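Here the structure is laid out as structure tokens; the discussion comes afterwards.
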Amino acid sequence: MGKRTIIPFGPQHPVLPEPIHLDLVLEDETVVEAIPSIGYIHRGLEKLCEIKDFNQMVYVIERICGICSFGHGWGAVASMEGAMGVQAPERAEYLRTILHELGRVHSHLLWLGLLADGFGFESLFNHCWRIRETVLDLFEKNTGGRVIFSICKVGGMRKDISNENLKEMKEVLEGLKAEIKEITDVFINDASVQNRMVGVGVLTKEEAEELCAVGPVARASGVPQDIRMTDNHGVYGKLGFEPVLEEAGDCMARTVVRIREVFQSIDLISAAIDQIPDGPVDMKVPNKIEGEYITRMEQPRGEAFYYAKGAGTKFLKRMRVRTPTNMNIPAMVKTLAGADLADVPMLVLTIDPCISCTER
Amino acid sequence: MSAYVTKSPWVVHYDGSSCNGCDIEVLACLTPMYDVERFGIINCGNPKHADVFLVTGSVNEQNKGIVKQIYEQMPEPKVVVAVGICACSGGIFKDCYNVLGGVDQVIPVDAYVPGCAARPEAIIDAVVKGLGVLQAKRDAMLEQKPAEEAPAEEAVEETAEAVEEVKEEGGEE
Ligand code: SF4
């Protein structure tokens with residue numbers, strides 16, 4: 001048995017855009033244990049519900065995370081609409097679904113880039129981000145923002161997206177498919193990428209279930225867990241949604257799940273644009289919020305949970321969010337034990353950690 | 001030296017308690033759409049190599065020590081750019097119990113970028129502004145220097161003389 005060394009990893013580390021700290025206990029080159037410590041980014045925004053009314057709260061919740069900002073805004077709105085007992089118009093639900101899936105395309109492309117950067121494939125990183133800019137342009141054109149949109153509100157959408165713009169969005173995305181395929185084929189077929197990822201950090205189906213992994217991490221281990229199947233938000237039921245599954249449970253499988261989801265999201269957007277009905281996108285809602293409601297959303301990183309409880313005024317008594325990375329950290333710690341030190345960045349990255357979600 | 005540093009500064013980025021929105025915009029500046037790397041502006045992970053410190057997000061009890069530490073590790077002259085309204089003042093999270101406020105609560109800030117999220121154009125603009133500050137700081141440092149530098153020059157001359165002497169001695173032997 002070698003001597004034990006502790007290597008600190010983070011909070012400021014080149015592969016991490018966000019601060020998390022891990023104490024890696026090493027025996028020679030092998031990680032025996034990883035001890036995460038968090039709290040660098042905690043803001044305590046749930047408590048803001050006491051001083052910001054429910055309309056303002058949507059913008060606060062949206063800023064939990066700049067990557068899945070639309071999804072968070074929608075989650076908050078859905079829980080508040082549930083508590084009020086109102087249902088947004090159908091066109092608004094379609095628009096939300098479209099923007100949410102567009103957010104997933106942007107999030108997964110961003111993550112693929114970071115992963116490539118993590119294993120030192122600079123040009124691949126830049127290509128992923130180049131393609132992602134096209135998606136951001138679509139966002140900017142239709143909502144006005146690149147990463148924070150503030151377009152979702154209780155009762156519907158702040159503004160409509162015209163049918164011409166939607167048609168154009170569909171064309172752009174369909175055209176983007178070929179470009180994305182060119183890049184993602186490198187991830188799947190390149191020998192150097194395979195060496196870094198195949199068979200690394202295997203999480204079996206049983207482990208994934210036991211550790212309550214969510215999202216692409218669970219699906220890469222063959223657990224069919226996707227909130228979009230349950231049809232409790234958006235119009236996924238009408239779009240014929242099927243979750244993407246992989247069996248291997250290693251870093252490669254987690255990557256492939258996300259790659260396939262990019263294409264799936266584009267298909268979902270196209271299908272939604274084909275079906276979208278005309279009509280209003282906004283409705284009047286009561287000026288006070290009562291009752292409580294729980295809703296779940298499938299964010300790009302997995303299942304998120306939103307709970308809103310009204311105070312009978314325009315303020316909320318409690319807003320609670322539980323985000324996907326929170327649930328995936330046990331799985332990450334599990335795969336880290338016994339890994340090579342050189343694989344640590346890969347293992348941390350493949351759960352797609354979003355620390356600002358986790359700590360809020 | 002100044003010609004290289006003011007045209008191609010290296011930046012180090014730290015995420016205080018931001019929502020990621022500004023972080024991904026900082027990264028977007030470096031990637032093909034805006035591509036500041038073509039000017040030699042590189043995002044390096046090591047504070048000891050960096051000239052410009054980009055901070056996103058506000059400071060809190062847990063991370064203020066780290067922000068300070070990174071700042072102290074950077075060599076002089078250095079410039080701090082606060083990216084996004086969070087880093088400027090706390091922004092939307094100003095009233096949160098765990099937010100102390102803008103980055104200027106712990107370290108001096110030279111340029112502020114407004115916006116939530118800050119747009120890449122604005123970030124690039126602020127870095128360019130920061131370069132002016134960097135140059136001014138360097139000039140100020142050089143002005144202060146002569147008094148301190150004089151002994152250094154003497155020392156160099158002395159060493160040179162000593163070397164000559166040793167050589168001569170060597171020659172004699
Ligand atoms: S300024 Fe806005 S986008 Fe930037 S970190 Fe703060 S909340 Fe996020």
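Nothing here was measured: the structure is a model prediction, and the numbers come from that model. Lettering of chains follows the sequences in order, A, B, ..., and the numbering in each one begins at 1.
Interface remark: Val26(B) contributes no atoms to any contact with chain A (heavy atom separation under 4.5 Å). Contacts between Ile66(B) and chain A at a heavy-atom distance below 4.5 Å involve the side chain alone, from C-beta outward. Proximity to chain A is absent for every atom of Cys22(B), based on heavy atoms less than 4.5 angstrom apart. The contact between Ile51(A) and chain B is made entirely by side chain atoms (from C-beta outward), counting heavy-atom distances below 4.5 Å. With a 4.5 angstrom heavy-atom cutoff, Tyr59(A) touches chain B via backbone and side-chain atoms both. Both the backbone and the side chain of Asp95(B) come within contact range of chain A, judged by heavy atoms closer than 4.5 Å. For Glu25(B), the part sitting under 4.5 Å from any heavy atom of chain A is the side chain, from C-beta outward, and nothing else. Proximity to chain B (any heavy atom under 4.5 Å) is restricted, for His106(A), to the side chain, taken from C-beta onward.
Checked against Trp129(A) for a side-chain contact (heavy atoms from CB on, under 4.5 Å), the options Leu124(A), Leu110(A), Leu136(A) give a single hit: Leu110(A).
With a 6.0 Å radius and a threshold of 12 heavy atoms from other residues, nucleotides or ligands, Lys94(B) has its NZ atom at or below the threshold.
Under 3.5 Å, the side chains of Thr323(A) and Arg301(A) contain no donor-acceptor pair of N or O atoms.
Taking chain A as the reference chain and counting heavy-atom pairs below 4.5 Å, the highest number among Ile92(B), Asn63(B), Ile70(B), Leu30(B) is found for Ile92(B). Most heavy-atom pairs under 4.5 Å with chain B, from the set Glu62(A), Arg130(A), Arg146(A): that is Arg146(A). Among Ala28(B), Gly57(B), Cys86(B), the residue with the largest count of heavy-atom pairs under 4.5 Å with chain A is Ala28(B). Each of Arg43(A), Arg63(A), Glu133(A) has some count of heavy-atom pairs under 4.5 Å with chain B, and the biggest count is that of Arg43(A).
Between Arg104(A) and Glu101(A), at least one side-chain nitrogen of the basic residue sits less than 4.0 Å from a carboxylate oxygen of the acidic one, meeting the salt-bridge criterion.
In this structure, Lys137(B) contributes its side chain and Val79(B) its backbone to no donor-acceptor pair below 3.5 Å. Between the Thr143(A) side chain and the Glu140(A) main chain, no donor and acceptor come within less than 3.5 Å of each other. Not a single donor-acceptor pair under 3.5 Å links the side chain of Asp51(B) to the backbone N or O of Pro77(B).
For Phe53(B) and Tyr71(B), the ring centers are positioned 6.0 Å apart or more.
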